[in-house]
Each structure stands twice: as C-alpha cells, then as structure tokens.
Amino acid sequence: MPDEDPTLGELSEGEILRRLLVRLGPSLALVGPGDDAAVLAAPDGRVVATTDTLVHGPDFRLAWSSGYDLGWKAAAVNLADIAAMGARPTALLVALAVPNSTRMSFVEHLAEGLRAACDALAPGCAVEGGDLTVSDTLTIAVTALGSLDGRAPVLRGGARSGDVVAVAGPLGRAGRGLAILFGRFGGSAGAPAAVDLEALTPEESAALTAQLRPDPPIRLGPVAADAGATAMMDVSDGLVLDASRLAAASGVTVEIDSSTLGADAVVALTGGEDHALLATFPMSLALPDGFRPIGRVVPQAAYPVLVDGRPHDGRGGWDPYRDWDAHGG
C-alpha cells in the first residue's frame, strides 16, 4: 500500500506541484500557474514589488511553527510591505527550497496557509507562480506584487516636521510571543522544544499566535495613502528601529510618546514582527479609522528617534546580522 504521507524525495516534481496547486486555489491572473511565467493585468501601468525570505534558523524554527503557520507568515510579511507603499496586493510568487525528507503533508499545509492568509488579509490576491527545489535548509522566498490603483506611492522619505506619527495594528504582541518561545520552549543545548499549548494562558496563546501568524492591517495601507499620509512603512524589526529608518529617509527626528503604547511600552518599542503600519500625517488632517497617534515629527536632531524627549536607551529592534545566534536555540 503506498504511503499516504510520502516524503518529497519519494515523489516527482510534477506530483508535488499538482498536490500544491490544488491547495493554493484558483488563479486570479490572466495566465496563472502551469506555464513558464504568469501573466498579470496591470491597469494602473505600474507594479509595486517586494520580496522577503524566511530561512529555517534565523527566521523560524520547525519545532515551533507548523507548515500552515509558515505559509501564513510568509504571505503576511510580504503583503504588509505592499500595503506600506499605499498599494493593494495582487499576486504572490513563491519559491520553496525544501529538504527531500520533508513530508508532503507539511508542504500541503504550507500551501493552505499561503492561501488562507491571502483570503483573509488581501482578498483578490493569490499565489500565481513560483519555483520548487531541494535544499538541506528549508527556505521560503516570496515575491509580492501590488497595484497603486492610480494613487502616488507613500514613501519612507516624506515625513515633515509637525506631522503626527501614527500606527495601525498591534505593537509588542508578536515580541511577547517570541519571548515566550525562547524563554519557555528554547530547550537545552540550542535545541528548541515543541510548544505545549496547554501550558499557556489565553494571553500567552494570543501572543504566540501574533508571532507565528501575524495579522497586519493590509487594507489600511491604501486607506492611509488616500487620507494624505506623508510617509509610511511596516513595523517588522521593532518600532524604534523602523522609526529611525523613516526618520533617516525623511531627514527628521521622530518623537514617540511612550504613554500611548500601553502598559508594556518596552516590548512595544523594541519588539518586531507585528507588521503594524507606521505612518505620518499632516497635523491638519484627521487620522483615518484604524490609526492611532503615538508621537510627532520634529526637526532633525542628534538622534533619529526620541522617546519621551530622550534618546532611546537600549537596542531598538531586531537586526539579523547583529542578533542571530546559531547556538541560541
């Protein structure tokens, strides 16, 4: 009797792709998966494009993430970058490098996570192609495409002194989830342990979900652009670090009021991967629904970011070249 859950090494590339395409759902492109390339409509005449890669080790751990989790997260982090330009996501291209020993069910669940994230976060966007190859290290590379629908892109470099600094989406929840993973399930000798969901409180479970399956406010990217946002980006590496990037691009200083960040302001300032939208708006404009003020833009000073009028004391967020430790679990 054939194995109902074979490894990828036991199947042909054609059979693997056939099983994945069933789970990715119908194509929304002019020409979808199955040819050498997809053909997408671009009625705006411009295409917004971004790419992001998740690598086992620095970006996720198989002990903590299911295939569904990885598919969802791979889609969400790219959709957030499209939204941060004020654009509407239209398509994903997904390249998978997967060990031969991987079970087919894992990759099928990954495809289901990709589709579910598109359906939930960016209706009208679907996986329209990609690539599949073998590797010792599980790697997921996603290219996301989007449409500006006639509007101008919102760049990081447009913030002006006097603008209101605002955010849409949670801050710090995913950071708390990551702390739970490393603190409770980091294992010994650098070997992560499987997550025991029954050992978590409802609040901890919510934080873990935010880390493994982020829920960025994709629809609010175009809303912010239409409302007059002067600058925008998604918060992937921590509020302080990402705000410093926006400040540097704009030639200003961003001042954050920590009292607007809730009881756990430290995690909100330094935790990443919530993929909230950070934007600046002219003071004369009303903030669009879904955005809340957290500070203001001031003339460029010695520091790109001030918290309560002072330079932030400590690391501002996640930098993989600085912070990734292969022996850290």
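What you see is a predicted model; the values in this text were computed from it and never measured.
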- Query: Do Arg184 and Glu204 touch side chain to side chain, with heavy atoms closer than 4.5 Å?
  - Reply: yes

- Inspect the surroundings of CG in Asp136 and state if more than 12 heavy atoms from other residues, nucleotides or ligands are less than 6.0 Å away. no

- Query: For the atom pair CG (Asp242) and CG (Asp234), what is the distance rounded to the nearest 0.5 Å?
  - Reply: 6.5 Å

- Message: Looking at every heavy atom in both Glu128 and Ala29, which two are closest together, and how far apart are they?
- Response: OE2-N, 3.2 Å

- Indicate whether any N or O donor in one side chain lies under 3.5 Å from an N or O acceptor in the other, for Thr253 and Gln300. no

- When rounded to the nearest 0.5 angstrom, what is the spacing between CH2 in Trp64 and CG in Leu212? 9.5 Å

- Query: Would you call Leu138 and Phe60 a side-chain contact if the rule is heavy atoms closer than 4.5 Å?
  - Reply: yes

- Message: Between Asn78 and Thr50, do the side chains contain a donor N or O and an acceptor N or O under 3.5 Å apart?
- Response: no

- How about Val47 and Thr90: do any of their side-chain heavy atoms sit closer than 4.5 Å? no

- Greater than 12 external heavy atoms within 6.0 Å of Tyr303's OH: no

- Could you tell me whether the side chain of Val254 reaches within less than 4.5 Å of the side chain of Arg296, counting heavy atoms only? no

- Charged N to carboxylate O under 4.0 angstrom, Arg245 versus Asp237? yes

- Task: Could you tell me whether the side chain of Leu261 reaches within less than 4.5 Å of the side chain of Leu239, counting heavy atoms only?
- Result: yes

Less than 3.5 Å apart, which donor and acceptor atoms pair up between the side chains of residues 111-126 and the rest of the protein, not counting sequence neighbours?
residue: Glu112; atom: OE2; partner: Arg23; partner atom: NE; Å: 3.3

- Item | Trp72 versus Pro214, closest heavy-atom pair with distance | NE1-O, 2.8 Å

- Query: Between Ala159 and Val297, what is the shortest heavy-atom contact and its length?
  - Reply: CB-CG2, 4.3 Å

- Message: I need the Asp149 CG to Arg151 CZ distance, nearest 0.5 Å.
- Response: 5.5 Å

- Message: The criterion is side chain to side chain contact (heavy atoms under 4.5 Å, CB included); which residues satisfy it with Ser161, sequence neighbours excluded?
- Response: Pro299

- Taking C-beta and beyond as the side chain, do Val195 and Leu208 meet within less than 4.5 Å on heavy atoms? yes

- Side-chain (Ser205) to main-chain (Leu200) donor-acceptor, under 3.5 angstrom: no

- Message: What I want to check is whether the side chains of Ser147 and Asp44 have a donor and an acceptor closer together than 3.5 Å.
- Response: no

- Inter-residue atom distance Ile256.CD1 - Asp308.CG, 0.5 Å rounding: 9.0 Å

- Query: Is Gln211 reaching over with its side chain to a backbone N or O of Ala174, donor-acceptor style, under 3.5 angstrom?
  - Reply: yes

- Item | Exceeds 12 heavy-atom contacts within 6.0 angstrom, atom CG of Asp196 | yes

- Between Ile218 and Pro89, which heavy-atom pair has the shortest distance, and what is it? CG2-CG, 3.7 Å

- Message: Nearest 0.5 angstrom please: Leu278 CG to Arg156 CZ, how far?
- Response: 10.0 Å

- Message: Check whether Ser135 reaches the backbone of Thr137 with its side chain - one donor and one acceptor, N or O, closer than 3.5 Å.
- Response: yes

- Query: Below 4.5 Å, heavy atoms only, C-beta onward: do Leu145 and Leu40 meet side chain to side chain?
  - Reply: yes

- Note on the structure: CD (Glu4) and CZ (Arg103) are apart, to the nearest 0.5 Å, by 11.5 Å

- Query: Would you find more than 12 non-hydrogen atoms of other residues, nucleotides or ligands less than 6.0 Å from Arg19 atom CZ?
  - Reply: yes

- Message: Within the 3.5 Å criterion, strictly below it, is a donor on Thr260 or Asp257 matched to an acceptor on the partner's side chain?
- Response: no

- Say whether, by atom type as modelled, one donor and one acceptor occur between the side chain of Asp163 and the main chain of Arg160 under 3.5 angstrom. yes

- Message: Less than 4.5 Å apart, side chain to side chain, heavy atoms only: is that true for Leu11 and Met104?
- Response: yes

- N-O pairing of Arg213 and Asp69 below 4.0 Å: yes

- Note on the structure: Taking every heavy atom of Leu8 against every heavy atom of Pro99, the minimum-distance pair comes out as CD1-O, 4.2 Å

- Any donor and acceptor pair, going by atom type alone, linking the side chain of Glu15 with main-chain N or O of Ser12 inside 3.5 Å? no

- Task: Could you work out the complete set of other residues in the hydrophobic cluster of Leu148, with links drawn between I, L, V, M, F, W and Y side chains under 4.5 Å apart?
- Result: Val48, Ile82, Met85, Leu155

